[in-house]
Amino acid sequence: MVHLEFYDGSGQASCEELNEYMRQKKEILTRAQAGEEQYRDSLGWLSVDEWAGEERIAEIETFAKRVRDDGDILVVIGIGGSNQAARAVTCALPNQSKVKVLYAGNNISSAYMKQILAQLDGKSVYINVIAKNFETMEPGIGFRILRQYLRKRYGADYNSRVFATGTRGSELQELCVAHGYTFLDFPEDIGGRYSALCNVGLFPAAVAGIDIRAMVSGARDMEQNLKTAAGAENSAFQYAAIRNVLYQKGFRMEMLASFEPRYQYFNGWWTQLFAESEGKDGKGLYPVAVKYSEDLHSIGQFVQEGTPVLFETFLDIENPDEELILEADDVDDGFDYLNGADLREVNRAAFLATFQAHSERLPCVRLKIKELNEYSFGQLFYFFEFACYLSGSMLGVNPFNQPGVENYKGYMFQALGKHK
Ligand code: PA5
């Protein structure tokens, strides 16, 4: 499980105020554990087995095998919650299949799309378009360009290379029926940013050879824990409470930090989850993420001496997997104090030193994770989704809508001549 420690900014662990806040908000945990009626149509992720039970996993594996047996490249076409979780795991974990997963439909850059297309010739290519609401322009454009590419290369049979993840009854499903594409469910009762553990996140991961059963098992164990643990025993509740207590004290930013660059895209997933879920009604913590140790040489200065608006949440991997010993060298480069050291120990020393320095100045949360692997990714996805539901509820916002993202679209569609 994820183990959590909180330091209040003076270098000391602080409990009293937090415990009082958790006592006041305990009903929120009880309601979330049961799943509230008011959010019923957004809580499909709350029970992992609903969309990642044995039958669905078997179907994903069958589809993924088709791509893995014949393909070299899978282009995932999606944006926001429709691609972040898959990208987080496929870019962090070693690819166990010969299929390389690329990501498109997440921007409108012609140069980016040309770079994607340039990688496809001579390869066996499959695509997976993922869109809950098939009106989103970026995946719409990406799908059209890549579909046309496939049709030119493979003729009428191109359709067997198209997997489409959409909601039942959607226009995307109608296209699947009309053109013979393979259809996968995008659960109606799961919003994009909560969709890591269903077809949306799991199918591309399975194509990349990720052990999705281990991922689901991690999520399921986390679900079991978070749905039964009460009050301060519940790490997601504790984390949500810390966020809200600090928000009430005037902190306006939460920075997710780790010393593992493989979390790069997980950072993006986390940022989206909290930004879209909580940033509304004039409220919410602004979520940002950093990659240490690199960002200690830039953001680190701000953290240590800049405007005191942020607190920091560290992902602490207790057992990093890759040993690398620094050999002694006959060139006198001034680094002999590291002779024979394992890079994992050096990284750990940098982490502990940073944690000490930062926690003496600002509140810091330490989330301890055993290892970076499929199982822990499943745990983290579920942990943060559940915590975000709790945290948004404490803040008094609806964690499942995103009305603000519509505003710019009106102007954009007007400029582009879209009339319906
Ligand atoms: O979390 C969300 O709901 C959003 O970020 C969506 O995932 C994102 O806007 C993409 O939507 P769609 O899948 O409809 O293209």
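Numbering of ligands and ligand atoms starts at 1, following listing order. What you see below is based on every heavy atom in this structure, not just the backbone, and it leaves out hydrogens, waters and symmetry mates.
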| remark: Note: ligand 1 atoms sitting under 4.0 Å from heavy atoms of Ser82 are 7 (O), 12 (P), 13 (O)
| task | Just jot down the ligand 1 atoms closer than 4.0 angstrom to any heavy atom of Lys132, in number order. | result | 12 (P), 13 (O), 14 (O)
| Heavy atom of protein inside 4.0 Å of atom 9 (O) of ligand 1, strictly below | no
| Is there any N or O on Gly81 that sits under 3.5 Å from an N or O of ligand 1? | yes
| Quick one: which ligand 1 atoms are inside 4.0 Å of a heavy atom on Ile79? | 7 (O), 8 (C), 10 (C)
| field | Within the 6.0 Å centroid threshold, strictly below: Phe400 and Tyr389 | value | yes
| Between Asp189 and Arg40, is the closest basic N to carboxylate O distance under 4.0 Å? | no
| task | Ignoring hydrogens and angles, state whether a donor on the side chain of Ser124 or Asp70 is under 3.5 Å from an acceptor on the partner side chain. | result | yes
| query | Hey, which atoms in ligand 1 end up nearer than 4.0 Å to a heavy atom of Gln402? | reply | 3 (O)
| task | Tell me which part of Glu276 gets within contact of ligand 1: side chain, backbone, both or neither, using heavy atoms under 4.0 Å. | result | side chain
| query | With ring centroids as reference points, do Phe274 and Trp270 lie under 6.0 angstrom apart? | reply | yes
| remark: Contacts of Phe237 meeting ring-ring contact (aromatic ring centres under 6.0 Å, His included) (sequence neighbours excluded), chain-then-number -> none
| query | Which atoms of ligand 1 sit under 4.0 Å from any heavy atom of Asn133? | reply | 12 (P), 14 (O), 15 (O)
| remark: One finds that the ligand 1 atoms under 4.0 Å from a non-hydrogen atom of Arg193 are 1 (O), 2 (C), 3 (O)
| message | Checking Thr167 against Asp185: is there a side-chain donor and acceptor pair closer than 3.5 Å? | response | no
| task | Return the residue, atom name and 0.1 Å-rounded distance of the protein heavy atom closest to atom 11 (O) of ligand 1. | result | Thr136 OG1, 3.8 Å
| Donor-acceptor contact below 3.5 Å, side chain Arg193 vs main chain Trp269 | no
| Starting from atom 3 (O) of ligand 1, which protein heavy atom do you reach first, and at what distance in Å? | Gly192 N, 3.4 Å
| Is there a heavy atom of Gln272 sitting under 4.0 angstrom from any atom of ligand 1? | yes
| request: Under the salt bridge (Lys or Arg N to Asp or Glu O under 4.0 Å) rule, collect the residues that match up with Asp211, sequence neighbours excluded. | output: none
